[in-house]
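In what follows, every chain begins at residue 1, and chains take the letters A, B, ... in the order their sequences are listed. For clarity, every value in this text was computed on a predicted model and none was experimentally measured.
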2 protein chains.
Amino acid sequence: MNNLLSYICSLTPFSEEDWEYLKPALTKRTFARNELLLREGEVCSSLFYIDAGYCKSYYEIDGNIKNTELFFENEIATNVTSFGSGLESKYNIIACEPLITIVFNKDKLFELSKQHPKIENLGRICLRQFAVKQEEFLAIFKLYSPKERLEYIETHHPHIVQRVSLTQLASFLGVTRETLSRIRNRRIS
Amino acid sequence: MNNLLSYICSLTPFSEEDWEYLKPALTKRTFARNELLLREGEVCSSLFYIDAGYCKSYYEIDGNIKNTELFFENEIATNVTSFGSGLESKYNIIACEPLITIVFNKDKLFELSKQHPKIENLGRICLRQFAVKQEEFLAIFKLYSPKERLEYIETHHPHIVQRVSLTQLASFLGVTRETLSRIRNRRIS
DNA sequence: ATTAAGCTGAGACATTTGTCACAAAATCAG
DNA sequence: CTGATTTTGTGACAAATGTCTCAGCTTAAT
């Protein structure tokens, strides 16, 4: 839980007392490799703070898998649309490595938010973090070519390139693995 | 202001009293066609509720313009990243038609949020709306080809196709206008 | 109404990407 | 360790896209 507390304190002032209030909404949960955190068709009722390992959200369309997001240590994995609206998620979230998470229970979180403004505030800040991240990645796709997207990720999020396989990275960049291979080859010569 | 009140009420329960609290943070402001709501390099300190007309955010890269988002009536235009963090915006927002907006002043909004939980709650809901919209459009880019993206917009956001020019639509879809032309031609035959 | 500016459609060509196929290398499970 | 599975690299070909150009059309401003 220590990592989570540090993470929260890096976002907003959070006292020992606030932490005690928040705790009842939290549960530690581990996932094996390839175990699902969220299945398509389910309603997302949790936020998963990633303590160790990483996971991805993906969409299955005509049998082949397209990665939509990656979540690493010190990030919150969820499907905002489903979490916020209570509608079924169109995406899956799956552990890519053995995963240790701290689960925020939605119902408890909502109840606590009503009583403790600090917790409500924390929720808003997390949401904002999420929106900022989305805006960033949306811009990458709108503004850049596949080659430029790779360069952007290498520069600004090098840990992604280091940890995920070429196939998964390609899917994340929105190209086939062959194209990603070519981009890297062109650069050498 | 009536449109805005209806909009807010459609999002969350909002009393006449809440509305009176909120009003001091609001200003009506009009923009001429091609007038900037937000300039690159400025810090975004406003939320613009679009009452009539539409605007777009764009990014200028090596002299040519790439549209990143479109904002129509009953939407909130802003740059979340800059608004939330206080950092300079990398994007411009410009009126594409004569525009009538209701401006939310950031500082006043923050003050009011501290005193009135309903207003804080409204802020969070708007933020969530924003995140949901972003997630949707990010998915379009990650999952679909240009042709499929066009079809998605035609199906789910037909007003966009009806109101913006082909050139702007192409930029929004992340392709050149020639490509968009070809996609439409292919479909006829 | 007139002029200027911007928008659209189309063709030619180069480049990029997707698809399919196969072999080599790396990884995983027993 | 070993066999099976997955991942990666490569080539050939087709399809899609970008770039450049020009001409006709629409729109905007005066």
**Carboxylate-amine/guanidinium contact B/Lys133 B/Glu75, below 4.0 Å** = yes

**Request:** Take the protein atom CG of A/Asn34 and the nucleotide atom P of D/dT5, then report the distance between them rounded to whole Å.
**Result:** 16 Å

**Request:** Please work out which residues in residues 155-168 of chain B have a non-hydrogen atom less than 4.0 Å from an atom of DNA chain C and list them by number.
**Result:** B/Ser165, B/Leu166, B/Thr167

**Results of ring pair (Phe, Tyr, Trp, His ring centres under 6.0 Å) for B/Tyr49 - residues two or more places apart only** = B/Tyr7

**Message:** Across nucleotides 25-30 of chain D, 5' to 3', mark each nucleotide with B, S or - according to how protein heavy atoms within less than 4.0 Å reach it.
**Reply:** ------

**Asked** B/Phe141 vs A/Phe141 aromatic rings, parallel, tilted or perpendicular, using cut-offs 30° and 60°?
**Response** perpendicular

**Message:** Would you say that more than 12 heavy atoms from the other residues, nucleotides or ligands in this model lie under 6.0 Å from the CG of A/Asn34, or not?
**Reply:** yes

**Prompt:** Can you give one letter per nucleotide of nucleotides 12-23 of chain C, going 5' to 3': B for a protein heavy atom under 4.0 Å from the base, S for sugar-phosphate only, - for none?
**Reply:** B----BBBBB--

**Asked** Linking I/L/V/M/F/W/Y whenever their side-chain heavy atoms sit closer than 4.5 Å, directly or via other members, would B/Ile76 and B/Ile8 fall into one cluster?
**Response** yes

**Asked** Does A/Asn185 make a side-chain N or O approach to OP1 or OP2 of D/dT10 shorter than 4.0 Å?
**Response** yes

**Request:** Provide, to the nearest angstrom, the distance between the CZ atom belonging to B/Arg184 and the C1' atom belonging to D/dA16.
**Result:** 18 Å

**Request:** Figure out the CG/C1' separation between B/Leu173 and D/dG18, and round it to whole Å.
**Result:** 16 Å

**Prompt:** When the ring planes of B/Phe14 and B/Trp19 are compared, do they come out parallel, tilted or perpendicular, using 30° and 60° as the limits?
**Reply:** perpendicular

**Message:** Which label fits B/Tyr152 and B/Tyr144: parallel for a plane angle under 30°, tilted from 30 to 60°, or perpendicular past 60°?
**Reply:** tilted

**Request:** Any side-chain hydrogen bond (donor to acceptor under 3.5 Å, both in side chains) involving residues 82-102 of chain A? Give me the pairs, sequence neighbours left out, ordered by first then second residue.
**Result:** A/Glu97-A/Arg163

**Request:** Could you list who else is in B/Ile100's hydrophobic cluster, with ILVMFWY side chains joined at under 4.5 Å, directly or through other members?
**Result:** none

**Prompt:** If you measure from the Lys or Arg side-chain nitrogens to the Asp or Glu carboxylate oxygens, is any gap between A/Lys23 and A/Glu20 under 4.0 Å?
**Reply:** yes

